[in-house]
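Written below as structure tokens is the structure these notes are about.
First listed ligand is number 1; within each ligand, the first listed atom is number 1.
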Amino acid sequence: MTTDTDLPPLNPVPPGLYRHYKGGWYEVLDTVRCSETLQGMALYRALYGGWGQWVRPAGMFVEVGEFEGRVQPRFVLHDPASVPLADLPTAQALVAHLQGLAQRRGVDLDTALRRPPPEPDTCCGRGCNGCVWEGYYTALAFWREDALALLSRSA
Ligand code: SF4
């Protein structure tokens with residue numbers, strides 16, 4: 001029988017918000033062990049599209065390699081407090097990440113705090129002053145600040 005002391009090191013990937021070199025946002029949930037190879041696997045989920053959960057060898061998750069013609073990390077860890085809010089995929093990923101983090105701590109952010117600001121569904125189409133997106137990102141930054149403060153109290 002295999003005991004824990006016989007196992008190779010897990011080399012855990014820090015949980016958190018990551019961006020793939022191609023631009024997609026993900027969150028690492030945990031590092032688990034493959035029952036067949038015993039190697040550590042990063043368990044992570046996509047913060048877009050089908051929101052699927054994936055595993056990938058932990059060493060491969062954190063590796064630096066030549067991707068798209070330059071040497072760079074496959075994934076980069078980002079601090080949710082300082083991710084620039086200037087595009088919708090990033091805004092959606094941030095909201096999903098903070099809501100997921102809260103849920104895993106038994107907190108429903110929608111009720112413990114408030115719902116995140118709604119995504120704009122109007123656009124003047126004329127490059128106007130007072131862009132609806134500027135208002136959205138400003139409101140989202142306030143929501144993020146409050147969500148992170150609440151999460152720091154529930155850690
Ligand atoms: S400035 Fe904003 S609201 Fe106006 S057209 Fe551009 S995106 Fe739409």
Considering residues, nucleotides and ligands other than Q103, do more than 12 of their heavy atoms fall under 6.0 Å from its CD?
no
Using the benzene-type ring in the case of Trp, are the ring centres of Y18 and Y44 under 6.0 Å apart?
no
Here atom 8 (Fe) of ligand 1 sees protein N, O or S atoms within less than 2.8 Å, and their number is 1
Considering residues, nucleotides and ligands other than R33, do more than 12 of their heavy atoms fall under 6.0 Å from its CZ?
yes
Mind checking the CG-CZ spacing from L43 to F61? Nearest 0.5 Å is all I need.
10.0 Å
For A147 against L98, the heavy-atom pair lying closest together
CB-CD1, 4.2 Å
Got a sec, which residues hit side-chain hydrogen bond (donor to acceptor under 3.5 Å, both in side chains) with D79, two or more places apart in sequence or on another chain?
none
